[in-house]
Amino acid sequence: MRVLGIVTARGGSKGIPRKNVKVLGGRPLIAWTAEAAVQARELARTILSTDDEEIAAAGRAAGLETPFLRPAELAADATPTLPVLQHAIAFVERQDDRYDAICLLQPTSPFRPTGLVDACVARFRESGADTLVTVLAVPAEHNPHWVYFERPDGSLHLATGEAVPIPRRQELPPAFCREGSVYVMRRDAVMEQGTLFGRRVVGYPMDPTLCVNLDTEDDWRRAEALACTR
């Protein structure tokens, strides 16, 4: 199985301005993800998709290929990930470079344990799934069997659609949320089916003490504290 790594990093971040090139632990944020990609033996090639020259330069300095600049229409605040990946895949396929799977690595999740990318790709390959995502366990109080949505009339209904909640914590089935460090997906799911997830998704559990997703300045301060321990 040939796997293409794709790092996505646009220039117009709002919550933390210029975050992809902001210095974290003595190096640009993007360098943390570049290191994980370069060290991954399961990735045949890794390219950076960005619209920003400064980010492109930082990516190259950290060992990433930057074979193109992403079009502006694929770098807006509301641009979803799917067309960004499709653009990158189409670019390499025009060079007659074909892959079976794609590994998405987002700089906003910088702290990946050594070997994580390889472990995720191996699990993906063995599972036969369409997509693998890194996940975090959901605390019991946030389990869908205990979570309510509000109807327009103000009444509540369980997220699961059941009439009554499961009574005991010990009876709750495990629940997970996406963590963001690694996504691995079949090329055909992205390009032919137009989805990041396909029909069968598997998870790779992460240690929450090592995880941070950089959206706000508070997230950045936590990341700075974590960077001091790495």
Side-chain angles (χ1 to χ4, degrees), residues 1-9 33 36-37 40-47 49 74 78-90 92-93 98-149 158-162 166 171-215:
M1 176 182 288
R2 296 192 77 220
V3 183
L4 173 67
I6 302 178
V7 177
T8 56
T33 293
R41 293 168 300 192
E42 292 277 8
L43 303 184
R45 178 185 183 188
T46 302
I47 62 174
S49 172
L74 291 179
T79 300
T81 300
L82 178 62
V84 173
L85 296 185
Q86 290 173 328
H87 171 266
I89 295 166
V92 300
E93 290 186 350
R98 299 276 299 193
Y99 294 86
D100 304 297
I102 310 303
C103 179
L104 169 63
L105 301 173
Q106 301 176 115
T108 46
S109 297
F111 303 133
R112 297 173 181 85
T114 301
L116 173 66
V117 175
D118 287 335
C120 286
V121 173
R123 164 79 172 121
F124 171 79
R125 184 173 55 243
E126 294 161 2
S127 71
D130 295 306
T131 299
L132 175 144
V133 297
T134 48
V135 295
L136 292 173
V138 173
E141 62 269 25
H142 299 154
N143 191 290
H145 290 273
W146 282 4
V147 169
Y148 287 87
F149 291 133
L158 282 167
T160 59
E162 296 171 332
I166 290 174
E171 298 174 13
L172 292 171
F176 302 90
C177 63
R178 289 179 292 164
E179 182 272 336
S181 287
V182 182
Y183 292 74
V184 189
M185 59 209 78
R186 295 196 179 279
R187 178 266 177 204
D188 289 351
V190 177
M191 298 301 284
E192 308 300 337
Q193 300 171 28
T195 177
L196 299 181
F197 299 99
R199 297 180 180 85
R200 183 166 184 261
V201 180
V202 296
Y204 190 96
M206 296 285 287
D207 179 350
T209 64
L210 303 177
C211 300
V212 62
N213 194 319
L214 293 169
D215 288 326

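Position 1 is the first residue of the sequence; numbering continues from there. For clarity, every value in this text was computed on a predicted model and none was experimentally measured.
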**Request:** Look up atom CG in L116 and atom OG in S181, then write down how far apart they are to the nearest 0.5 Å.
**Result:** 6.0 Å
**Request:** Could you pull out the closest heavy-atom pair between L85 and M185, with the gap in Å?
**Result:** CD1-SD, 3.9 Å
**Asked** Just checking, any donor-acceptor pair under 3.5 angstrom between side chains of T195 and Q193?
**Response** no
**Complete:** When rounded to the nearest 0.5 Å, the distance separating CZ of R45 from CD1 of I6 is 10.0 Å
**Prompt:** Do N143 side-chain atoms and P173 backbone N/O form a donor-acceptor pair below 3.5 Å?
**Reply:** yes
**Complete:** What one should report as the nearest heavy-atom pair of C120 and L132 is O-CD1, 3.5 Å
**Request:** Looking only at non-hydrogen atoms, find the nearest pair between R186 and F124 and report the distance.
**Result:** CG-CZ, 3.5 Å
**Request:** Could you tell me whether the side chain of R41 and the main chain of G115 form a donor-acceptor pair under 3.5 Å?
**Result:** no
**Message:** Pair Y204, E179 - check side chain to side chain contact (heavy atoms under 4.5 Å, CB included), show working.
**Reply:** CA-CA 9 Å; Y204 190 96; E179 182 272 336; over 6 Å; no
**Request:** Evaluate side chain to side chain contact (heavy atoms under 4.5 Å, CB included) for M206 paired with T134, printing each intermediate quantity in order.
**Result:** CA-CA 6 Å; M206 296 285 287; T134 48; 3.7 Å; yes
**Request:** Begin from the C-alpha positions of L105 and V182 and carry the test side chain to side chain contact (heavy atoms under 4.5 Å, CB included) through to its verdict.
**Result:** CA-CA 5 Å; L105 301 173; V182 182; 4.0 Å; yes
**Prompt:** Is a side-chain N or O of D100 found less than 3.5 angstrom from the main chain of R2, in a donor-acceptor match?
**Reply:** yes
**Asked** Between V84 and L74, what is the shortest heavy-atom contact and its length?
**Response** CG2-O, 3.6 Å
**Heavy-atom pair with the smallest gap, counting every atom of V117 and R112** = CG2-CD, 4.4 Å
**Prompt:** Is a side-chain N or O of R187 found less than 3.5 angstrom from the main chain of I89, in a donor-acceptor match?
**Reply:** no
**Message:** Can you tell me how far apart CG (L214) and CZ (F111) are? Round to the nearest 0.5 Å.
**Reply:** 7.0 Å
**Message:** Against V201, only a single residue in D130, L196, T131 fulfils side chain to side chain contact (heavy atoms under 4.5 Å, CB included); can you say which?
**Reply:** T131
**Message:** Can you give me the closest heavy-atom contact between T160 and P144, atom names plus distance?
**Reply:** CG2-O, 3.5 Å
**Request:** Measure the CG-CZ distance between L158 and F149 for me, rounded to the nearest 0.5 Å.
**Result:** 10.0 Å
**Message:** A side-chain contact here means heavy atoms from C-beta on lying under 4.5 Å apart; do Q106 and T33 qualify?
**Reply:** no
**Message:** Working to the nearest 0.5 angstrom, can you tell me the gap between E93 CD and M191 CE?
**Reply:** 5.0 Å
**Message:** Go through it in stages, so that I can follow the logic: the residues are F197 and V133, the test is side chain to side chain contact (heavy atoms under 4.5 Å, CB included), and I'd like the CA-CA distance, side-chain angles, deciding distance and then a yes or no.
**Reply:** CA-CA 9 Å; F197 299 99; V133 297; 4.1 Å; yes
